[in-house]
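We name chains A, B, ... by the order of the sequence lines, and we start the count at 1 in each one.
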2 protein chains.
Amino acid sequence: MTGRKIRNMEEFAEVSGISRPTVSKYFNDPDSVRKSTRARIESALEQYDYRPNIFAINQNRKLTKNIGIVVPYLADPFFAEIARNLEMLVIAAGYHPILLSSHGSTAQENDNFESLRAIKPAGALLAPLGRASDKAAVERFCKAVPSVLFDSHISGMGEAFVGHDNIQATKLICEYLCRTGQPPAFFEMRTPTNPNAYRRRNAYCEAMERMGHPVHLLQAEGGGWDFEKIGLEGGTKVIEEHSLPTDTILCSNDRLAIGFLAAAYQKGLRVGLGAGAALRVAGHDDHPFSRYTCPPLTTVSQDYTAIAERSVERLFSLVESGERAENRDEIFFEGKLVMRQSA
Amino acid sequence: MTGRKIRNMEEFAEVSGISRPTVSKYFNDPDSVRKSTRARIESALEQYDYRPNIFAINQNRKLTKNIGIVVPYLADPFFAEIARNLEMLVIAAGYHPILLSSHGSTAQENDNFESLRAIKPAGALLAPLGRASDKAAVERFCKAVPSVLFDSHISGMGEAFVGHDNIQATKLICEYLCRTGQPPAFFEMRTPTNPNAYRRRNAYCEAMERMGHPVHLLQAEGGGWDFEKIGLEGGTKVIEEHSLPTDTILCSNDRLAIGFLAAAYQKGLRVGLGAGAALRVAGHDDHPFSRYTCPPLTTVSQDYTAIAERSVERLFSLVESGERAENRDEIFFEGKLVMRQSA
DNA sequence: TTTTAAATTTTACCCCCGTAAAGTTTTTGA
DNA sequence: TCAAAAACTTTACGGGGGTAAAATTTAAAA
């Protein structure tokens, strides 16, 4: 780090003794220039502190190295965790992740789409809000930017969808619960925020009918993203009303289950498998905190890593081929049973 | 949305019948042009879909409307929640937040600083890793970009620090615990990831000495950001070794407490206040999930909202004056006791 | 050594907008 | 109504770099 300040590529080309277009070529792909040229540039790089201006670069490219990541609610540890995985994969691929949270708001989601389009991303990984999404806005965005949807499925949008197999996973835990005790009732939000919830509800109903057990839906009121709160309040209500039709509760997701466990605890109902237990409670997702509940939550896992990896992989195959997918594929990863002490 | 496609400001100026420099002026401040001119531009804006190219804008400004937000670990709901608050305040102020997580890694933190500097942000809100931070890198960044530090304090860096009063808050809960039962032992990580932990440890020691109670530090092994795991394992260990010197445990933060509660539960130790309880456990932070633990966690809150608001306020007073602070101020918000059922 | 292909340089133009300077029009206020 | 002030237009330049085309050099192959 010596010598004069370098203001632009012109000056850097000068001090490194190479022409500017070749320097430009180097920065776009160091392997595209002769080895000896590369060496000269890199030795100049050690002497002088220079890097190309990102705005000037992006202005001249139709596409940038930016990859947008949009999640519906980043303060939900599930999305935080999957976003973390996605970011790291995108970085590893030499791209630049731009992480945006819609904070549960349709307006914010639309703003995020606009912000993203303004920076001409090479592609985007989207988990839309779902029910609350402005479908037309999602569609416009996907048309303009190669996108892979993950977690929340909106039919027909994006070049691909990568997500969790809600149906298989729900059936799996239903079967486990039926095999090991009373058939479960299903605890959920009456009007779920997340579209996966509908698939889980349907899968539960189907599974129970197939096994010849009664279907019991326990529906909590409330909207938004404060699932634990809804679980706690809804859980308290069903317990107080003695409206539990069975001793086994399958919650639509782990966050609801965490709330429900709190409700059970506060009402003095012991949850677990042993003789002294009054209730079995299971969740869905293998949420980062589900192993720390009391008792530890039995659940079905989502394969976070696989979903993140495949989403990124699928997106880059689009981005790097420069083509749009001829046929939209949908990839589902199976859930695994995570047996802990709550059910 | 009719008419031909507009490619740039030149063309837009043409169709709106105004000169390009005036149009440019309008986009920088709609109030800086005559009312009638503004009306003509805005009616053209309704007919034609045009917005200025963000890269070209930023290339020509020394400063952008970008505000960097760097947090050490976004998958920690505490940071997710505070980032959410910060983002919304920054947006409300008409700026553009760029949220970056260091994912607990020094290298990533430094990369984040570089990425941010590359986009010439008007300012930055930083919560450094702390102990793991590359101090020189933080200092360089703060010298180059007006920055307000929050949550984790590194002395002398940034134009201001806004955070939680760890000392007051720790003393508050110590006094509460001593007043209502046995004096607490302090459960923490031996080598804490977060710098606040050291202040809490010291405040605990001081408070106990001042009140004439013995100081007991229970130190869990392990590093990183998986605090619940450390709390569970460390808690299991101290319980198994019968090395609990008192029936009251004050955890250095809520996430450790969540782990500790799980340990107690799994070891059959009933936590709470009543007669049947073997243990009291308290935390620190009022973590988003602390109200859903079993039993609900007694803790001291951090004033998330105030910290976020003041940080943003302080940063914009710098940004908009265009000056650097003559004297660095440090603002601490007091914690409040949150009494729930665990202690 | 010659031929050929590949890499580089030169030249030139483009991207899209900020902004300063000078000249022109419109608005304001007395 | 008229001069001063304000707003606008025209003109011109600059920012930092992508990229195409033609000319030149270098390296590899025959």
task: Indicate yes or no: at least one non-hydrogen side-chain atom of B:Q59 is less than 4.5 angstrom from one of A:N58.
output: no
message: How about CZ on A:R51, more than 12 heavy atoms from neighbouring residues, nucleotides or ligands closer than 6.0 Å, or not?
response: no
- prompt: Atom NZ of B:K25 and atom C1' of D:dC8: how far apart are they, to the nearest Å?
  reply: 8 Å
Spacing between A:N53 atom CG and D:dG14 atom P, to the nearest angstrom: 18 Å
query: Less than 6.0 Å separating the ring centroids of B:Y50 and B:F12?
result: yes
query: In whole angstrom, what separates B:R38's CZ from D:dA7's C1'?
result: 15 Å
- prompt: Rounded to the Å, how far apart are A:M9 CE and D:dG17 P?
  reply: 5 Å
field: 5′-ward residue of the pair A:R61/B:R34 relative to DNA chain D
entry: B:R34
task: Could you check whether the rings of B:H103 and B:Y73 sit parallel, tilted or perpendicular, using 30° and 60° as the cut-offs?
output: perpendicular
Atom-to-atom span, CZ of A:R51 to P of D:dG16 - whole angstrom: 15 Å
message: If you count every heavy atom of other residues, nucleotides or ligands that lies below 6.0 Å from A:R7 atom CZ, does the total exceed 12?
response: no
message: What residues from residues 26-33 of chain B pass a heavy-atom cutoff of under 4.0 Å to DNA chain C?
response: B:N28
- prompt: Taking the inter-plane angle between the rings of B:Y304 and B:F78 on a 0 to 90° scale, is it parallel (under 30°), tilted (30 to 60°) or perpendicular (over 60°)?
  reply: perpendicular
query: How do A:N60 and A:I18 order along DNA chain C: which one's closest nucleotide is nearer the 5' end?
result: A:I18
- request: Would you classify A:Y50 as touching base, sugar-phosphate or nothing, given that sugar-phosphate means primed atoms plus P, OP1 and OP2, and contacts are heavy atoms under 4.0 Å?
  value: sugar-phosphate
Under-3.5 Å donor-acceptor pair between A:R20 side chain and D:dG16 base: no
statement: Atom CD of B:E14 and atom P of D:dT10 are separated, to the nearest Å, by 11 Å
- request: Would you indicate whether the side-chain heavy atoms of A:V33 and A:T22 approach each other to under 4.5 Å?
  value: yes
- request: Check the distance between D:dG15's C1' and A:I54's CD1 and give it to me in whole angstrom.
  value: 16 Å
task: Let me know the distance between CD1 of A:I57 and P of D:dG15, rounded to the nearest Å.
output: 17 Å
- request: Could you tell me how the ring of A:F316 sits relative to the ring of A:Y95: parallel (under 30°), tilted (30 to 60°) or perpendicular (over 60°)?
  value: tilted
- prompt: Going 5' to 3' along DNA chain C, which nucleotides are the first and last within contact of chain A (any atom under 4.0 Å from a heavy atom)?
  reply: C:dA7 to C:dC16
message: Between B:S19 and D:dC8, is there a contact of a side-chain N or O with OP1 or OP2 at under 4.0 Å?
response: no
message: Is it the case that over 12 heavy atoms from other parts of the model lie below 6.0 angstrom from the NZ atom of B:K143?
response: no
